[in-house]
S.K.: 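Structure incoming, see below.
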Amino acid sequence: WYLATRWSPFINEVPIKSPLVGTFYESNKPTGKAFVGVGSKVTKGQVLCIVEAMKIMNEITSPVDGVIETVTFKNGDVVGFDDVLFTVVK
């Protein structure tokens, strides 16, 4: 899947947006450890979260290498199309 490609000209922030409406999950198990958190180093293609839509689990991956600056939603929150899920600093 997707996603963000609007880079800031002043700092290298990349917003990672939801490609669909669904439920945000920070791990692949109900009691599992979150894929990432603020300060986590990520690589291009790394799974950041899951957005469930109509019982289908959609993995959201990072489009860039960097560090997670913000996590916008909590486990179980409903997200909308194009909502910013994470901000990554390159």
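What's counted below: heavy atoms across the whole structure, side chains too, no hydrogens, waters or symmetry copies.
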S.K.: From I68 CD1 over to I16 CD1, what is the distance, rounded to the nearest 0.5 angstrom?
M.R.: 5.5 Å

S.K.: Is there a path of hydrophobic side-chain contacts, each under 4.5 Å between heavy atoms of I, L, V, M, F, W or Y residues, that connects V78 with F73?
M.R.: no

S.K.: Does any N or O in the side chain of N12 come within less than 3.5 Å of the main-chain N or O of V89, such that one atom is a donor and the other an acceptor?
M.R.: no

S.K.: Where do S27 and G32 come nearest, in terms of heavy atoms and distance?
M.R.: OG-O, 3.4 Å

S.K.: So which of V42, V71, L85 actually passes side-chain contact (heavy atoms from CB on, under 4.5 Å) with L48?
M.R.: V42

S.K.: Going from NZ on K44 to OG1 on T61, what distance comes out if it is rounded to the nearest 0.5 angstrom?
M.R.: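 The OG1 atom of T61 is 9.5 Å from NZ of K44, to the nearest 0.5 Å.
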
S.K.: So, the side chain of N58 versus the backbone of V51: is there a donor-acceptor pair under 3.5 Å, distance only?
M.R.: yes

S.K.: For the residue pair V14 and K90, what are the closest heavy atoms and their distance?
M.R.: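 Looking at all heavy atoms of both residues, the shortest contact is CG2-CD, 3.8 Å.
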
S.K.: Taking only residues two or more places apart in sequence or in another chain, which ones pass side-chain contact (heavy atoms from CB on, under 4.5 Å) with T70?
M.R.: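 If we apply the side-chain contact (heavy atoms from CB on, under 4.5 Å) test to T70, skipping adjacent residues, the hits are T72, T87.
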
S.K.: How far apart are the closest heavy atoms of G80 and S18, and which atoms are they?
M.R.: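 Answer, listing the atom of G80 first, then S18: O-CB, 3.5 Å.
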
S.K.: Atom NZ of K29 and atom CD1 of I50: how far apart are they, to the nearest 0.5 Å?
M.R.: 11.0 Å

S.K.: Give the C-alpha distance, both sets of side-chain angles, the deciding distance and a yes or no for side chain to side chain contact (heavy atoms under 4.5 Å, CB included) between F86 and C49.
M.R.: CA-CA 10 Å; F86 303 91; C49 70; 3.6 Å; yes

S.K.: Do K17 and V84 make a side-chain contact, defined as non-hydrogen atoms from C-beta onward lying under 4.5 Å apart?
M.R.: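 Answer yes - side chains close enough.
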
S.K.: When rounded to the nearest 0.5 angstrom, what distance separates CZ in F24 from CG in D83?
M.R.: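 Going from the CZ atom of F24 to the CG atom of D83 covers 11.0 Å.
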
S.K.: Looking only at heavy atoms, what is the nearest atom pair of V47 and F35, with distance?
M.R.: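 In this case the closest contact between V47 and F35 is O-CB, 3.6 Å.
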
S.K.: In Å and rounded to the nearest 0.5 Å, what is the CD1 to CG distance from I60 to L20?
M.R.: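 Nearest 0.5 Å value for the CD1-CG distance: 6.0 Å.
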
S.K.: Heavy atoms only: give me the nearest E69-E13 pair and the separation to one decimal.
M.R.: OE1-OE2, 2.7 Å

